[in-house]
Amino acid sequence: MTPPEGPHGSGGPGAHAVAPFREDMLRGLAATPKRLSPKYFYDQAGALLFDAICDLPEYYPTRAELSIVEAHVHELTAQLGDRVRVVEPGAGSGTKVRLLLKELGPERCTEYLPVDIAGEHLAETARQLRVELPWLRVAPFAGDFTVHLPEAATDGARTLVYFPGSTLGNFEPADAERLLVRFGRLAGADGAVLLGVDLKKDPRLLHAAYNDAQGVTAAFNRNVLVRMNRELGADFDLDAFAHYAFFEPRLGRVEMHLVSLRRQTVRVAGHPFDFELGESIHTECSYKYDLRSIERLAESAKLALSKAWLDEDHHFAVLLLRPTP
Ligand code: AVJ
């Protein structure tokens, strides 16, 4: 079946437009302190680096979340009704969703809409899924889910907005709330949001997860500089920026930075940016939650916590949220 090719369908504009990348990089580097949005980590190389992170011994969230979905997939899907359309913002490689889609099966799953900013990576994931689950209707939607989401279903199917991987943690609380409001609207009165969130824990585990021994996370962080060099003609010296990541307990978040190892001037798209020795570019926040804080955040977005599943170490939670009238 051919997926609909809307204005933001695969092959359309959106994901590959250089302009928002250029504008956002220039604005972020001109700000004090310097900061860049983590969504720009995910070009094709960045998406592959992130997949490699998920396989690292130190990066527990992916395995913890998979173990939850594996253990509870029957109970989970039983809450969703008998005609379900699955929308996955920030789909990536779609490893976790496969379990849900398989369990729903051709009888219950009407369509799967992966939404991702890494267009080529998305197309490849869609291709693989169609081979693995030939009965599945896959409708990839290439774009930035903070800007565009698919339309609500019109065929009477219930929409499940699946948002795993603790991607929510990349958003400041106010932005996270706005995003959840939009997910609730997309789900509609009879739909649901299935959310995966990383939990607060021993900070040494968090530290290790973002400072892996093989340096994959460092390469992922620096990839945004690689991208600027390639796509914006920037002249970042990769060895002149240190990957620096830590848990900030008062704010309950891991922060990633790229710290300048010397005084230097870098040119990006023809614009000079000065760095002091030790000056940082803040590249990512990864908020960690507890069940109470995430329930409160959901409630502020008019979503009620219907059920929560945790892994046995209580490192990660999968939450079923339902829109409240
Ligand atoms: C995809 C946003 C959930 O915050 O842990 C992994 C990205 N950054 N290692 C996270 C990430 C550094 C990841 N999220």
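All ligand and atom numbering here is 1-based and tracks the order in the structure.
- Counting only heavy atoms of the protein, atom 11 (C) of ligand 1 lies nearest to Glu284 OE1, 3.7 Å.
- Looking at Tyr210 against ligand 1, only its side chain comes within 4.0 Å, counting heavy atoms.
- A perpendicular orientation is assigned to the rings of Phe50 and Tyr59, their planes being inclined by more than 60° (bins at 30° and 60°).
- The side-chain tip of Lys34 points at the ring of Phe275 from less than 6.0 angstrom away and within 45° of straight on.
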Check: Going through the checks in order, is the ring-ring contact (aromatic ring centres under 6.0 Å, His included) test met by Phe145 and Phe163?
Finding: CA-CA 11 Å; Phe145 65 76; Phe163 199 48; 5.5 Å; yes

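- Under a 4.0 angstrom heavy-atom cut-off, Phe50 registers as being in contact with ligand 1.
- Under the 4.0 Å criterion applied to side-chain N and carboxylate O atoms, Arg253 and Glu255 are assigned as salt-bridge partners.
- Residue contacts with ligand 1: Gly165 is included, with a non-hydrogen atom under 4.0 Å away.
- Using a 4.0 Å cut-off to heavy atoms of Ser166, the atoms of ligand 1 that qualify are 3 (C).
- Relative to atom 2 (C) of ligand 1, the option among Val254, Leu56, Asn170, Thr62 with the closest non-hydrogen atom is Asn170.
- Interface atoms of ligand 1 facing Ser286, defined by a heavy-atom separation under 4.0 Å, are 4 (O), 5 (O), 10 (C).
- A donor-acceptor pair is defined here as one N or O able to donate and one able to accept, closer than 3.5 Å; no such pair exists between the side chain of Thr265 and the backbone of Phe273.
- Note on Val197: it does not cluster hydrophobically with Val181, by side-chain heavy-atom contacts below 4.5 Å among ILVMFWY residues.
- Of the candidates Tyr59, Tyr287, Tyr42, it is Tyr59 that places a heavy atom closest to atom 6 (C) of ligand 1.
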